[in-house]
Amino acid sequence: MRFAVETWDPDYGTGIDTDGLDPSTDVVDSTVEFAAGDWRPIRPAEIDAPETIWFVDGVRRIDARIWVSDGEDGAVVAGSCATVAAGTVACTAVDATVDDVRIMRGVFTPPMDTAGPIETEAGIYRHVTVRSASPEDLYLGIHEQMTELETSMIPADPGPRDLIVFDGPLRGRPTPRAIGYIKTQHVQYLDGPEQAVVPLLEPGERSPMFTIGTSSFARWSWYVRLPGPRTHGWAGVIRAEASTSWCRDVGDATAFADLVTAALPRFSSEAHKEPRAPQNLYPITGLEHALRRRLGDQRLLQRALRKAAQ
């Protein structure tokens, strides 16, 4: 029996959805850089590295599940108390430093007159309204707060050769000099001939550009293979995306894609140090560790919430 061992730790699944990629429901144009059928791997020429690369990431944790009384009839509604954190790592040619960290604690409930902030001896949980009390909507509300916090961390005035890397999709953020960095592939955006080019990529190469979405929220996108063991055709492959609102034509977009493709491989992680190697880049790993340390002790926060509920 021939087989290969996935480089990612089993607790994190794999870098590509093993149940098959879901077909994209977005409008996709794969002919913006190469005509259909002419796709090939692209290796960027020698490019000056960005002066500073800003890695932006966030983490979240549910501190406690709660039940909120809704009116005089004794009915209760589910909610969640959660802590979210976001931060940036600034990487230059000589060092990497955690530049900023912000923390937000929130109590998440559907719309209800009786809900409000919770004051505890460990701090205030700000009230955030979500669509419903379903686990999915509560989770989405927490995730949206994390995204909002991440967006607030964007450098105010990035330099003309700086790069901003959001860990995850852009999620509608038209930030100049920024990419969304997608580690795990769930969606198939390309047709067969173009899709078949991705497994051919060598480390440090990218796919041709394609666009996803319509004018209301369109973004450039491309695949990059990072250095690391090649256990299968999509091993070490990430997808990057950049907003079309600031990178306006294909010439600017391809130049930016080449810069990103040349800049990222030096941050690739190794399996003996990072369970999601090589896609979980070292600055992101370090930032995640720093953020989780700032979330606070979950048991102490739960105790403070129980005390506040008395």
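Along the sequence shown, the residues carry numbers beginning at 1.
Heavy atoms of other residues, nucleotides or ligands lying less than 6.0 angstrom from CG of D113 number 12 at most. Residue W246 qualifies as enclosed at atom CH2: its count of foreign heavy atoms under 6.0 Å is above 12.
No donor-acceptor pair under 3.5 Å is formed between the side chain of D22 and the backbone N or O of V187. Not a single donor-acceptor pair under 3.5 Å links the side chain of R65 to the backbone N or O of S80. Remark: side-chain polar atoms of Y282 are paired, donor with acceptor, to backbone N or O of E270 under 3.5 angstrom. Of the possible polar contacts, one joining the S221 side chain to the A240 backbone as a donor-acceptor pair under 3.5 Å is found. The backbone N or O of A178 lies less than 3.5 Å from no partner atom in the side chain of T175, so there is not a single donor-acceptor pair. The backbone N or O of V94 lies less than 3.5 Å from a partner atom in the side chain of T92, making a donor-acceptor pair. Not one N or O on the side chain of R225 forms a donor-acceptor pair closer than 3.5 Å with the backbone of S207. Formation of a donor-acceptor pair under 3.5 Å by the S269 side chain with backbone atoms of N280 is found in this model. Judged by distance alone, with hydrogens and angles left aside, the side-chain atoms of W220 form a donor-acceptor pair with the main-chain N or O of C247 at under 3.5 Å. In this structure a side-chain-to-backbone donor-acceptor pair under 3.5 Å is missing from S24 to Q188.
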What's the verdict on side-chain contact (heavy atoms from CB on, under 4.5 Å) for V56 and V165, showing C-alpha distance, side-chain angles and the deciding distance? CA-CA 6 Å; V56 184; V165 179; over 6 Å; no
Could you please spell out the steps behind the salt bridge (Lys or Arg N to Asp or Glu O under 4.0 Å) verdict for R40 and E205? CA-CA 10 Å; R40 57 174 176 77; E205 291 183 340; over 6 Å; no
For side-chain contact (heavy atoms from CB on, under 4.5 Å), just list the numbers for L281 and R266, CA-CA rounded to whole Å, side-chain angles, deciding distance to a tenth of an Å, and then say yes or no. CA-CA 9 Å; L281 306 177; R266 76 183 180 98; over 6 Å; no
Could you go step by step and tell me if Q298 and R303 meet the side chain to side chain donor-acceptor pair (under 3.5 Å) rule? CA-CA 9 Å; Q298 186 177 21; R303 187 169 66 187; over 6 Å; no
Run E148 and Q145 through side-chain contact (heavy atoms from CB on, under 4.5 Å) and show every step you take. CA-CA 5 Å; E148 183 178 311; Q145 284 298 306; 3.9 Å; yes
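Taking 4.0 Å as the cut-off between side-chain N and carboxylate O, R173 and E150 count as a salt-bridged pair. R171 has no carboxylate O lying under 4.0 Å from a charged side-chain N of E241, or vice versa, which leaves the two without a salt bridge. Taking 4.0 Å as the cut-off between side-chain N and carboxylate O, E51 and R161 do not count as a salt-bridged pair. Between D63 and R61 there is a salt bridge, with a side-chain nitrogen of the basic residue lying less than 4.0 Å from a carboxylate oxygen of the acidic one.
At a threshold of 4.5 Å between side-chain heavy atoms, the hydrophobic network of Ile, Leu, Val, Met, Phe, Trp and Tyr places V130 and I118 in two separate groups. In the hydrophobic clustering of this structure, V107 groups with M112; members are Ile, Leu, Val, Met, Phe, Trp, Tyr whose side-chain heavy atoms approach within less than 4.5 Å, directly or through other members. Note on F34 and M209: separate hydrophobic clusters, where clusters join Ile, Leu, Val, Met, Phe, Trp and Tyr whose side-chain heavy atoms are under 4.5 Å apart, directly or indirectly. Placement of L163 and I47 within a single hydrophobic cluster is found when ILVMFWY residues are connected by side-chain heavy-atom separations under 4.5 Å, directly or transitively. Transitive grouping of hydrophobic side chains (ILVMFWY, heavy atoms separated by less than 4.5 Å) keeps Y181 and Y223 in distinct clusters.
W222 and Y189 have their aromatic ring centers separated by at least 6.0 angstrom. Checked against the 6.0 Å centroid threshold, F55 and F267 count as a close aromatic pair.
Here the side chains of R126 and M104 are in contact, with some heavy-atom distance below 4.5 Å. No side-chain heavy atom of V89 sits less than 4.5 Å from a side-chain heavy atom of W54.
Within the structure, the side-chain hydrogen bond (donor to acceptor under 3.5 Å, both in side chains) test picks out the following pairs touching residues 26-37 (sequence neighbours left out): D29-T31, E33-R206.
Shown here for T109 and A115, the closest heavy-atom pair between the two residues is OG1-CB, 3.5 Å. Between I124 and P117, the closest heavy-atom pair is CG2-CB, 4.3 Å. In this structure, A133 and L138 approach most closely via the heavy-atom pair O-CD1, 3.6 Å. The shortest heavy-atom contact between I142 and R60 is CG2-CB, 3.9 Å.
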Tabulate below the donor-acceptor pairs under 3.5 Å that side-chain atoms of residues 190-203 make, not counting sequence neighbours, or state none.
residue, atom, partner, partner atom, Å
E194, OE2, G37, N, 3.2
E202, OE1, R230, NH1, 3.3
E202, OE2, R230, NH1, 3.3

